[in-house]
Structure formats: structure tokens, C-alpha cells
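Numbered from 1 within each chain, the chains take letters A, B, ... in sequence-line order.
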Amino acid sequence: MLEVRIHGRGGQGNVVAAYLLAHAGIAGGLHAQAFPFFGAERRGAPVAAYVRLAARPIRLHAAVRTPHFVIVQDEKLLGLEETTAGLVAGGGLLVNSPADQATLHARLGERMQGRNWQTFGVPASDLSRQHLGRNIPNTALLAAWAALTGVLEPAALEQAMTARLKPGMLQANLEVVRAMGSLVAPGAWHDLAHHALYDGSAQHQETGHAGAA
Amino acid sequence: MLEPLEGSQAIAHAVALARPGVVAAYPITPQTHIVEHIAKLVADNRLRCEYVSVESEFSAATVALGAAAAGCRAYTATASQGLLLMAEVLFNIAGLRIPLVMTCANRAVSAPINIWNDHQDAMALRDAGWIQLYCASNQEAIDTTIQAFLLAERLELPVMVCVDGYILTHTLEGVSLPTQEEVDHFLPPYTFAHTLDSRQPLTLGTMVAPDHFTEIRYAHDQAMYQALAAIEEVDAAYAGITGRASGGVLEVDGPDDARIGVLCLGAVHGTLWEGREQARNLPPAKLIKLRALRPFPEAALRQALAGLSDVVVLERAFSPGAGGIVAAEVCRALYGTSTTPRIHSAVMGLGGRDIPLEAWQQVLALAQGPSRGATVILDLIPDHLEDGIA
């Protein structure tokens with residue numbers, strides 16, 4: 001079972017991102033669960049949302065404590081201890097940032113020690129401003145995560161966006177997703193993601209896409 | 001493909017499929033999304049229903065009571081303080097034998113104020129005369145909501161569908177909604193034998209003197225016991241149409257040779273189930289999912305627990321000064337049976353404290369340890385018992 005935590009600020013579409021990712025997982029033939037950090041949300045305050053993806057039904061209803069991936073919508077949140085808390089050793093850290101890997105690692109400082117996190121920065125805000133005319137980086141980050149892991153076919157993500165985004169916002173967001181696809185190294189997190197998804201078993205790695213429309 | 005829906009949205013769709021004529025509600029966290037979605041379905045003309053925005057939960061329950069008594073399928077939803085504010089009306093609804101369905105998005109009760117999940121709210125209304133069914137997943141929340149209307153109308157008893165606040169209401173999962181045709185086939189149009197009708201006037205809720213009060217209470221009690229079979233029948237009938245049952249009054253699974261049992265209510269069932277899957281080195285144990293708290297399925301429980309040496313009753317509420325509420329009822333159900341297992345009363349997950357996968361180890365350790373006599377809070381943090389607080 002693969003676990004993702006998404007960090008952002010209230011109003012940044014954090015829960016929308018989690019729901020989109022789970023929706024895309026289900027559209028792609030996987031089992032999925034998504035939920036926000038439970039509590040009151042304030043615009044601008046740091047918030048988190050969680051996603052589980054698995055090849056088998058998910059019965060667990062507990063908090064996500066040791067995610068395999070952390071997605072950070074606002075790079076300033078990297079400075080908070082809680083942003084990387086519990087991220088598994090060797091886990092993937094995807095940051096909305098034009099900065100390169102070395103710069104991001106330097107910002108994490110001692111927290112990186114012995115964790116061997118695989119970090120990527122992607123210019124999600126730039127893409128969002130370019131296509132949407134404002135800074136809503138969530139779909140760009142999801143597109144980057146989908147390409148890096150290979151867990152979701154682009155069609156599954158587009159299906160989820162078509163179902164969940166307001167019609168007026170859909171086209172520009174689809175453009176964001178397509179533009180992001182060419183900016184990351186596809187499959188860089190393939191093994192990490194598939195190992196988590198199939199509980200360490202490599203046998204059924206491709207069956208997850210069976211239901212992709 | 002399963003439909004990816006937030007729990008609240010799934011429940012709203014389930015309510016809409018039952019074609020209620022009146023929904024009256026007052027928003028309260030974590031119930032809010034349910035009634036928001038219903039209000040939106042009404043506003044979008046996807047549900048033909050009168051949505052009544054009221055000024056309090058007391059009014060929400062009262063409007064629903066009145067609508068159901070006047071011959072209209074009615075629904076409301078609440079949680080926590082809202083449920084307590086309804087309390088007087090809820091006893092009336094039950095005593096008047098009004099068929100009504102309510103979702104309780106289970107939440108802790110103040111003080112201290114806390115918006116997160118536990119079961120204290122519904123437990124406080126345990127004796128109100130309502131059927132109480134607990135849901136372990138969003139799929140069960142959908143299916144139980146639809147079943148609840150049939151149960152309520154067949155038995156002339158109100159049904160409270162208990163759904164863990166946040167843990168289910170705010171969680172998106174892949175669910176299957178029955179079709180409108182399936183629900184229409186399952187749930188006939190609303191009828192109520194004592195419908196208030198100005199052309200044939202009758203009185204509901206007249207004062208009853210000592211000469212009949214006991215008998216009316218007795219009849220209510222008998223109706224609740226008869227509901228045990230009806231809950232099983234309705235679940236089976238629903239499964240006949242949709243292929244999915246929700247566990248009747250209770251559901252047991254686990255190896256036949258298990259000597260340990262763990263009984264729980266609500267969404268923690270899935271967490272314990274996964275915990276058991278991942279801790280194969282621990283002794284085999286049965287999981288008992290108690291779906292019906294009222295009526296209390298004593299006979300089914302005796303059967304489910306037969307042959308076990310130790311049973312942990314894990315609850316998200318307790319009665320201060322008395323301990324686990326369900327544990328006491330389990331003890332009563334087993335009292336006098338020939339091979340009564342040891343009952344270990346445990347509490348976890350109060351006020352939204354997360355019950356993790358590792359809870360399974362703690363629960364099994366409790367089952368294998370010495371009898372503790374009193375209820376144990378398994379996730380107590382001693383460091384938090386600071387001066388001035390406790």
C-alpha cells in the first residue's frame with residue numbers, strides 16, 4: 001500500500017489534490033483512499049492531506065504516519081519539521097520549486113541525514129501562472145508525481161480532473177498536466193512507487209492499469 | 001469502476017436515492033458536508049424534496065418528526081452537541097413510533113470542546129428507543145442508510161445510522177451506489193399507519209396515565225427485540241439486490257480455532273483487520289463487528305463468542321465512573337453461560353486520537369495478559385496528565 005502526504009496552505013487546493021490523486025488511482029483500476037488532516041482549516045495556514053493507493057481493497061482507517069512520498073505545494077513549508085516527518089528512508093520528496101536538488105537538500109539540512117530521500121523540484125507555480133493565470137500548483141504537481149512514479153496513466157489523471165474540476169478551469173489544467181509531462185524524468189520513482197503499491201511483491205506490477213479508461 | 005466519493009457525499013447520495021420528501025438539518029462539524037450535499041442536490045433539482053434550514057438541532061428533529069407523522073419520508077443528520085440538543089425530541093420520535101432515519105456523524109461531546117471523532121454522542125442516546133447501527137466503511141454507510149429507511153418504516157421505529165466523523169465522513173473511497181431502480185425496488189413508497197390527516201383526525205402523542213404507560217414502554221421494548229430479525233432480513237434482502245450485505249446485527253470473521261476475540265464498532269474495524277493481517281506472528285483471533293448496538297443482539301453475540309477464552313471489547317467512549325459501555329452489555333449477555341470468556345474492557349481513540357495499525361498488538365497483549373478488572377484506556381499518554389489538568 002502506497003502512502004502520500006500533500007502539504008500546502010489552506011486555500012491552495014490541498015484536499016482537492018488528494019481527492020484528485022485518489023480519484024485518478026480508482027480510474028486507473030487501483031484501490032484508493034484520500035482524506036484531509038482532520039480539523040478546522042484556515043486560509044494560509046499550513047495544512048496536509050493524505051492519499052493511499054493499493055492493488056487490494058484498503059480497509060485501514062488510520063492516519064498516514066510514514067508516507068512513501070511527500071508533495072510540497074509551497075516550498076517555504078520545507079522549513080517546517082512536520083513537512084518531512086515520517087517520510088520513509090529513500091522516500092520521494094516532490095517540491096514546488098524551481099530550485100535544483102542540491103539547493104533543496106541544503107534547505108533540509110540535518111533532516112536529510114541518513115534518510116536518502118529522492119528529491120525533485122518542479123516549477124509548478126510557474127506553469128500554473130502561465131496556463132491558469134494564477135498560482136494553483138496542485139495539478140502540475142500531480143502530473144509530475146504521476147510521471148515520476150508511472151503509477152498513473154495520464155488518461156486516469158485527466159479522467160479525475162474532468163470529473164472533479166470546474167468546467168471553466170479544466171482545459172487550462174489539462175494543459176498544465178501536459179506541459180509538466182515533458183519537464184520531469186519519467187519513471188525516476190518507478191521502483192519506489194511500485195514496491196510500495198504492491199507491498200514489496202514485484203509480480204503484479206502492471207495490473208494496476210487494467211481499468212484505465 | 002467504483003465511484004470515488006467523499007463519505008459525506010456518498011451518504012447524501014444514498015439519502016437522495018431513498019427519495020425523502022423532507023430533509024431538515026442544522027449544520028455541525030463533522031456532519032456539515034452531508035447536509036450541504038443534500039441541499040445542493042435539492043437546489044440543482046436532482047432531488048425533489050423540501051430542504052428545511054432550521055435554527056437549531058431541536059428544530060431539525062422536530063421538523064423531521066412532523067413531516068414523518070404527516071406522511072412524508074423524512075431525514076436529518078447531526079453529531080455531538082447537536083445530537084444532545086435533539087435529545088428530548090429523539091425520545092419523543094421513538095416513543096411516538098415515528099419512522100425516521102438520522103445520520104449521526106459520531107463526534108466527541110464537550111467539555112472540553114473537541115470536534116473530532118469518538119462514539120460518546122450516540123452512546124449517550126443509547127436508551128432513547130432508537131435502533132442504532134454502526135458503519136465500518138463508506139460503503140456500509142451507503143448501504144446502511146438505504147436499509148435504515150426500510151427498517152424504520154417496516155418497524156415504526158426510528159433508526160440512527162452512526163458513521164465515524166471525519167474518519168468516514170471526510171474520507172474519499174471508491175464506493176458503489178445502487179441504481180435508483182434498485183432502491184425503488186427495495187424500498188416501497190413511504191407509508192405510516194398513523195399518518196396525521198385533517199380529513200381523518202387523530203391524536204399522536206397524547207398524555208398516557210399510569211394505567212397504560214408501562215404497556216406502551218413494554219410494546220416498544222418488544223418491537224426493538226423484533227427488530228433484531230428484521231435487521232438481518234433487510235440486510236439479506238438488500239444483498240439480494242446489490243450483492244452487498246453489511247453484516248446484519250453483527251459479523252464475525254477469523255479462524256475457527258481462535259481463542260481470542262476482539263469486538264469493536266465502526267471504522268476501527270478495518271484498522272484492526274489490517275493489523276491482524278500484518279501481525280501473523282500473533283495468536284489467531286476473531287474480529288467481531290458489532291453493527292447493531294440497539295437492539296442489542298445478545299443471542300447472536302453468545303453464539304459469536306462461544307468457544308473463546310478472551311474477548312477484548314474496544315470502544316471509543318466510556319461511562320465515567322463505570323467504564324466501557326458496550327463491555328458491560330457484553331458481560332450481561334454472557335452472564336450465566338457455561339464457558340464465559342474473560343472480558344477485557346478497553347477504550348481508545350477518544351476525541352479524535354488516531355487508532356493506528358499497531359493497536360492490534362496492544363489489544364492482543366491485553367487479551368493475553370492478566371485480568372485487569374477495570375476498563376483500560378490503551379492509548380493514554382501519562383505525560384499529558386499534567387498538574388492542573390488531571
Side-chain angles (χ1 to χ4, degrees), chain A residues 1 3-4 6 14-41 47-66 86 152 155-157 159-164 199-200 209-213, chain B residues 1-9 29-30 32-33 107 113-117 135-140 163-176 253 264 266-278 287 289 316 348-349 351-360 379:
Chain A
M1 183 158 53
E3 295 181 321
V4 185
I6 306 173
N14 221 49
V15 182
V16 171
Y19 282 8
L20 274 173
L21 182 49
H23 190 134
I26 293 167
L30 294 168
H31 295 272
Q33 192 184 66
F35 50 95
F37 179 77
F38 300 146
E41 195 173 292
V47 291
Y50 311 86
V51 181
R52 288 194 170 100
L53 296 169
R56 57 186 177 82
I58 301 168
R59 304 178 71 147
L60 185 65
H61 284 109
V64 169
R65 293 171 184 223
T66 54
L152 296 172
L157 187 54
Q159 194 180 329
M161 288 167 57
T162 306
R164 301 196 87 84
D199 296 328
H209 301 316
Chain B
M1 173 183 140
L2 293 174
E3 228 174 307
L5 289 177
E6 185 207 21
S8 296
Q9 206 174 1
T29 300
T32 315
H33 290 184
R107 167 184 150 179
I113 189 165
N114 175 294
I115 59 172
W116 293 272
N117 166 257
C135 303
S137 66
N138 285 341
Q139 186 64 61
E140 285 189 18
V163 179
D164 285 293
Y166 284 117
I167 297 170
L168 293 181
T169 58
H170 286 54
T171 295
L172 176 142
E173 295 181 329
V175 291
S176 181
D253 86 296
C264 64
V268 72
H269 179 262
T271 304
L272 295 174
W273 193 92
E274 295 262 9
R276 186 178 61 179
E277 283 293 295
Q278 295 191 16
L287 261 174
K289 182 181 79 185
R316 290 190 119 120
M348 273 187 113
R353 182 162 289 172
D354 180 49
I355 300 182
L357 207 51
E358 295 74 25
W360 182 252
D379 55 358

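Heavy atoms of other residues, nucleotides or ligands lying less than 6.0 angstrom from CZ of A:F37 number 12 at most.
When the candidates A:P36, A:A163, A:A22, A:P57 are compared by the number of heavy-atom contacts under 4.5 Å with chain B, A:P36 comes out ahead. Your options are B:N117, B:T271, B:L272, and the one with the most heavy-atom pairs under 4.5 Å with chain A is B:T271. Of the residues considered (B:L357, B:I355, B:D354), B:D354 shows the highest number of contacts with chain A, using heavy-atom pairs under 4.5 Å.
Neither the backbone nor the side chain of A:R52 comes within less than 4.5 Å of any heavy atom of chain B. Both the backbone and the side chain of A:A63 come within contact range of chain B, each with at least one heavy atom under 4.5 Å from a heavy atom of that chain. Only the backbone of B:A136 comes within contact range of chain A, with at least one heavy atom under 4.5 Å from a heavy atom of that chain.
Distance check, rounded to the nearest 0.5 Å: NE2 of A:H23 to OG1 of A:T162 gives 8.5 Å. Taking CD of A:Q33 as the reference point, atom CD of A:E3 lies at 9.0 Å (rounded to 0.5 Å).
Between B:E358 and A:R65, none of the side-chain N atoms (NZ, or NE/NH1/NH2) sits under 4.0 Å from a carboxylate O, so this pair counts as no salt bridge.
Between B:H170 and A:F35, every side-chain heavy-atom pair lies at or beyond the 4.5 Å cut-off.
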